[in-house]
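Let me begin by presenting the structure, written as structure tokens, before commenting on it.
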Amino acid sequence: MADPASIATGRNVSLFAGDISSRSEEISAAFRDRRVLVIGGAGSIGAATVRAILPYRPAALHIIDHNENGLADLVRDLRSAGIVDASLDLQLMPLDYGAPVAHRFLSLAGPYDVVLHFAALKHVRSEKDVASILQMLDTNVLKQQQFISWLAEEGLPERYFAVSTDKAANPANFMGASKRLMEQLLFTDGCSELSGAKRTSARFANVAFSAGSLLASFGDRIRNRQPIAVPCDTRRFFVSVDEAAEICILSAVAVPDRHVAIPRMHEADDLHELTPIAEEFVKRAGYRPRSYEDEELARSSVEKDAAGGAWPILSTPRDTEGEKEREVFLGKDEEAREIGLSALLGVAQSGADKEALQATISELRDLTDHPHQLVTKTDLAEALQRAIPEFEPIRSGKTLDDRM
């Protein structure tokens, strides 16, 4: 099957190509002959951004990711594509970016002109218990604060970009709350050591068919002779992985300091229900979609349906924790403004109350460092709400791991 992203996005041409073209000189000036560090560069968005940066010919491109296999796949792809300039200082380091050995690497390899941060736990399913939530907060917030302090020791970059998520706007799950806390860390003076660097972030739509996504599972399930499953009455905005990379590059270079970029998308044109996407995927795979609401029946009907040219699609209730009917890009009391780009808007960030944010981060760090200290999901929610009053977790007692 050809690139399936258009099934979800409804586009065959990038929404952001015009902005990339019009700002090409600015982008080139930001990356050409510069030293660039990419954290979490083996993931779908990070790897796509690495590929998009290479044509601008940086002097150094260093990539940190704990996923050793992902780094191996990435360097094989880059070398096979012939897009690595012979003079490029390319290093791919299988490191936990928050571990002391990453500090050692920075002391030897730094400083950098541009830092792009993609490392995150980004699935709502990863918040099913206290340990998982603390790991998410540690990865998305606490380690980033530590890493920024290490960067500052070696010399702050000119630009620091960290990717966020649309789920950070009016967060209804811990993942969204962790990313909203990350935004506040970036933009609240005195809570990180980024003062003096240009700081930007981006919230954007679901990345269609990215690694680990629901849509990416469609092909796997057909190959494994399993039903496709989707939550009913659920709508999402989508971008392709290449569009995601373009958003990140534009956000790092062309978006004003202390702003979060959001895509200029409209509900009527760009908000897509998941079930029709699954049905179209099945059609492109050569089958007719057949709907089921019973999990066991859908599972037992695969071979019979396939023999008749159909494939089962299981519709599941949208009743798991943190699962919204639709996503938004703007949080409470936020306003989008024009920033000179045709496909991106900017949301100015003034940061949070410094004392409340510091207290929340300190409490979370204490809980992470002391495993025998008793804490509940309610305790964690209350700690986050002190810094993020708009955080209202959707609770049902069911997690995505309970679903097919």
Side-chain angles (χ1 to χ4, degrees), residues 4 7-8 121-130 132-133 136 165-179 205-222 224-238 267 270-283 285 287-306 310-329 376-378 380-381 390-404:
I7 300 174
L121 289 184
K122 59 182 181 178
H123 290 289
V124 176
R125 71 171 60 248
S126 296
E127 55 185 65
K128 46 188 167 285
D129 54 38
V130 166
S132 298
I133 295 170
M136 176 179 287
T165 172
D166 49 9
K167 294 176 177 62
N170 299 329
N173 48 58
F174 283 97
M175 194 280 279
S178 75
K179 281 296 195 176
N206 289 253
V207 181
F209 296 92
S210 60
S213 68
L214 175 66
L215 272 58
S217 74
F218 293 171
D220 293 335
R221 285 174 164 169
I222 289 178
N224 293 333
R225 314 300 285 181
Q226 299 167 349
I228 284 175
V230 292
C232 62
D233 302 323
T234 303
R235 300 181 294 167
R236 296 288 183 263
F237 293 102
F238 286 99
E267 182 173 338
D270 302 306
L271 193 61
H272 300 290
E273 189 172 351
L274 297 183
T275 298
I277 295 173
E279 291 172 343
E280 180 60 26
F281 185 92
V282 165
K283 292 176 184 176
Y287 298 96
R288 299 187 311 277
R290 179 163 293 167
S291 299
Y292 289 85
E293 294 183 0
D294 180 87
E295 181 175 318
E296 184 53 43
L297 182 59
R299 188 183 295 112
S300 63
S301 299
V302 170
E303 296 304 333
K304 180 180 178 182
D305 285 349
W311 202 268
I313 297 178
L314 174 67
S315 180
T316 63
R318 181 173 41 81
D319 61 357
T320 54
E321 291 193 353
E323 196 171 6
K324 295 180 181 178
E325 183 273 330
R326 61 184 294 267
E327 300 291 357
V328 297
F329 298 116
T376 67
K377 292 174 76 171
T378 298
L380 291 176
E390 68 272 25
F391 175 37
E392 296 182 3
I394 296 175
R395 294 169 175 163
S396 68
K398 298 178 181 179
T399 76
L400 286 169
D401 279 359
D402 298 322
R403 296 283 181 217
M404 184 190 294

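What you see is a predicted model, and the numbers here were worked out from it, not measured in a lab. Residues take their numbers from the sequence shown, with the count starting at 1.
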For the pair [X] (side chain) and [Y] (backbone), establish whether a donor and an acceptor sit closer than 3.5 Å, ignoring hydrogens and angles.
X	Y	answer
Ser178	Gly176	no
Ser210	Ser213	no
Glu127	Met175	yes
Asn206	Ala208	no

Got [X] and [Y] here, is their nearest side-chain heavy-atom distance under 4.5 Å?
X	Y	answer
Pro231	Leu214	yes
Lys167	Phe174	no
Pro227	Tyr292	no
Val207	Phe238	no
Val130	Lys377	yes

Gap between atom [atom2] of [Y] and atom [atom1] of [X] - 0.5 Å precision:
X	Y	atom1	atom2	answer
Glu327	Asn170	CD	CG	10.0 Å
Leu215	Phe281	CG	CZ	8.5 Å
Ile277	Ile7	CD1	CD1	8.5 Å
Leu121	Ile133	CG	CD1	11.5 Å
Trp311	Glu279	CH2	CD	16.0 Å
Arg235	Asp270	CZ	CG	12.0 Å

Could you tell me which non-hydrogen atom of [X] sits nearest to which non-hydrogen atom of [Y], and how far apart they are?
X	Y	result
His272	Ala8	CD2-O, 2.9 Å
Pro171	Phe391	O-CD1, 3.3 Å
Arg236	Leu274	CG-CD2, 4.2 Å
Glu293	Leu314	C-CD1, 3.6 Å
Ser300	Leu297	OG-O, 3.1 Å
Phe218	Ala278	CE1-CA, 3.7 Å

Counting only heavy atoms not in Glu273, do more than 12 fall under 6.0 Å of its CD? yes
Should the pair Glu295-Arg299 be classified as a salt bridge under the 4.0 Å nitrogen-to-oxygen rule? yes
Going by distance alone, is a donor N or O of one side chain under 3.5 Å from an acceptor N or O of the other, for Asp220 and Ser217? no
